[in-house]
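Below is one structure, written out as structure tokens; comments come after it.
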Amino acid sequence: MKAFDYSVVKHYKFYGFVKNVFAPLFKVLYKLKFKGLENVPTDKNERYIVAINHTSALDPVFVAIPKNVPPLHFMAKIELFQNPIVGWVIEHLYGFPVRRGKGDTSAIEYGEKIIEEGHVMAICPEGTRVKDKDGVPQKAKSGVALIAKATKASVLPVAICCNGPIKAGKQVTVSYGKMLTLADMGLDKEDASISDIKNAANLVMDNILALWEAERNAD
């Protein structure tokens with residue numbers, strides 16, 4: 001497997017090509033609906049992280065499809081990069097590898113670099129795909145709060161909702177919530193304890209869950 005270069009955030013024309021060509025196809029295949037797009041920042045200078053419940057490998061693709069959503073740099077499990085073709089595609093769609101459950105500081109630091117350079121990062125706070133057959137969002141890990149605190153970035157909660165497992169032909173709704181500022185998450189103080197970080201991550205996940213439940217209850 002080719003080693004990922006965490007030292008620089010690269011730019012790829014491939015991303016724009018794929019978005020322009022395949023977005024209409026995905027909209028049809030998954031009967032995509034988008035709600036709350038007015039919550040996506042219009043200020044290109046605003047620092048923020050997109051936090052998504054982990055429903056499938058297509059989560060960052062679904063969320064990034066609308067025209068007003070900027071390119072999303074997202075964490076992907078390192079195992080996906082072991083296939084050179086798959087790894088190339090993911091990397092050129094702004095994915096970067098993370099070793100799950102091993103305190104991967106390289107991936108965390110790279111995420112911070114993404115935000116510091118004015119890009120937008122996407123992360124699934126749960127850390128792994130939801131195994132619940134109904135897709136109920138699960139408990140968050142601390143990564144989203146750690147990166148938000150380090151970069152002074154806000155967090156945009158996004159819920160992906162489908163009635164059961166996501167498959168082509170089923171309707172998938174992507175709901176963008178209200179931005180959570182550092183103050184909202186209790187991370188605006190100079191020193192944040194481990195408890196503060198955990199509480200902030202849980203708050204992000206609570207907002208995602210609320211969006212998800214609102215959509216399920218609307219069915």
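- Atom CZ of R47 and atom OG1 of T151 lie 6.5 Å apart (nearest 0.5 Å).
- Proximity of a side-chain donor or acceptor of K31 to a complementary backbone N or O of G169 within less than 3.5 Å is detected.
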Inset, instruction - For V86 and E79, run side chain to side chain contact (heavy atoms under 4.5 Å, CB included): C-alpha distance rounded to whole Å, both residues' side-chain angles, the deciding distance at 0.1 Å, then the answer. - result: CA-CA 10 Å; V86 173; E79 291 82 359; over 6 Å; no

Inset, instruction - Give the C-alpha distance, both sets of side-chain angles, the deciding distance and a yes or no for side chain to side chain contact (heavy atoms under 4.5 Å, CB included) between D59 and F74. - result: CA-CA 10 Å; D59 296 334; F74 61 96; over 6 Å; no

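- Residues Y6 and P97 are in side-chain contact: their nearest non-hydrogen atoms beyond the backbone lie under 4.5 Å apart.
- In plain terms, the two heavy atoms of R216 and C161 that are nearest each other are CD-SG, 3.2 Å.
- Grouping the Ile, Leu, Val, Met, Phe, Trp and Tyr side chains by contacts below 4.5 angstrom, directly or via other members, places L25 with F14.
- V61 is connected to V21 through a chain of hydrophobic side-chain contacts under 4.5 Å among Ile, Leu, Val, Met, Phe, Trp and Tyr, so both are in one cluster.
- Ion pairing between K2 and E91 fails under the 4.0 Å rule for side-chain N and carboxylate O.
- The side-chain heavy atoms of I114 and F96, taken from C-beta on, include a pair separated by under 4.5 Å.
- Side-chain contact between H119 and P70 is absent, with no heavy-atom pair separated by less than 4.5 Å.
- The shortest side-chain heavy-atom distance between Y30 and L58 falls under the 4.5 Å cut-off.
- Taken to the nearest 0.5 Å, the CE atom of M75 stands 11.5 Å off from the NE2 atom of H54.
- Between Y12 and Y94, the two ring planes are tilted [angle within 30° to 60°].
- With hydrogens and angles ignored, the 3.5 Å screen pairs no side-chain donor or acceptor of Q138 with any backbone N or O of E126.
- Looking only at side-chain heavy atoms (C-beta outward), F34 and I65 come within less than 4.5 Å of each other.
- Taking 4.0 Å as the cut-off between side-chain N and carboxylate O, K189 and D196 count as a salt-bridged pair.
- The two residues A192 and I197 come nearest to each other via the heavy atoms CB-CD1, 4.3 Å.
- At a threshold of 4.5 Å between non-hydrogen side-chain atoms, the residues K139 and M205 do not count as touching.
- Between I52 and I208, the closest side-chain pair of non-hydrogen atoms is not below 4.5 Å.
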Inset, instruction - Go through the steps to decide whether Y176 and L211 satisfy the test side chain to side chain contact (heavy atoms under 4.5 Å, CB included), and finish with yes or no. - result: CA-CA 8 Å; Y176 303 76; L211 291 167; over 6 Å; no

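- In this structure, A148 and L187 approach most closely via the heavy-atom pair CB-CD1, 4.4 Å.
- Contact between A201 and S142 at its shortest, heavy atoms only, is CB-CA, 4.2 Å.
- Put simply, the side chain of Q171 does not reach to within 4.5 Å of the side chain of N163, judged on heavy atoms.
- Put simply, NE2 on H73 and CD1 on I115 are 9.0 Å apart, with the number rounded to the nearest 0.5 Å.
- If you take CG on L93 and CH2 on W88, they are separated by 8.5 Å, rounding to the nearest 0.5 Å.
- Counting non-hydrogen atoms of neighbouring residues, nucleotides and ligands closer than 6.0 angstrom, the NZ atom of K149 exceeds 12 such neighbours.
- With rounding to the nearest 0.5 Å, the separation of NZ in K113 from OG in S106 is 11.0 Å.
- Looking at K170, its side chain does come within 3.5 Å of a backbone N or O of P165 through a donor-acceptor pair.
- Interatomic distance, C124 SG to N53 CG, rounded to the nearest 0.5 Å: 7.5 Å.
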Inset, instruction - Assess whether side chain to side chain contact (heavy atoms under 4.5 Å, CB included) is satisfied between L156 and V40, documenting all intermediate values. - result: CA-CA 8 Å; L156 180 71; V40 177; 4.3 Å; yes

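- Heavy-atom minimum distance, I90 versus F81: CG2-CZ, 3.5 Å.
- Other residues, nucleotides and ligands contribute over 12 non-hydrogen atoms within 6.0 Å of the NZ atom of K19.
- What you find for A153 and M185 is that their closest heavy atoms are O-CE, 3.9 Å.
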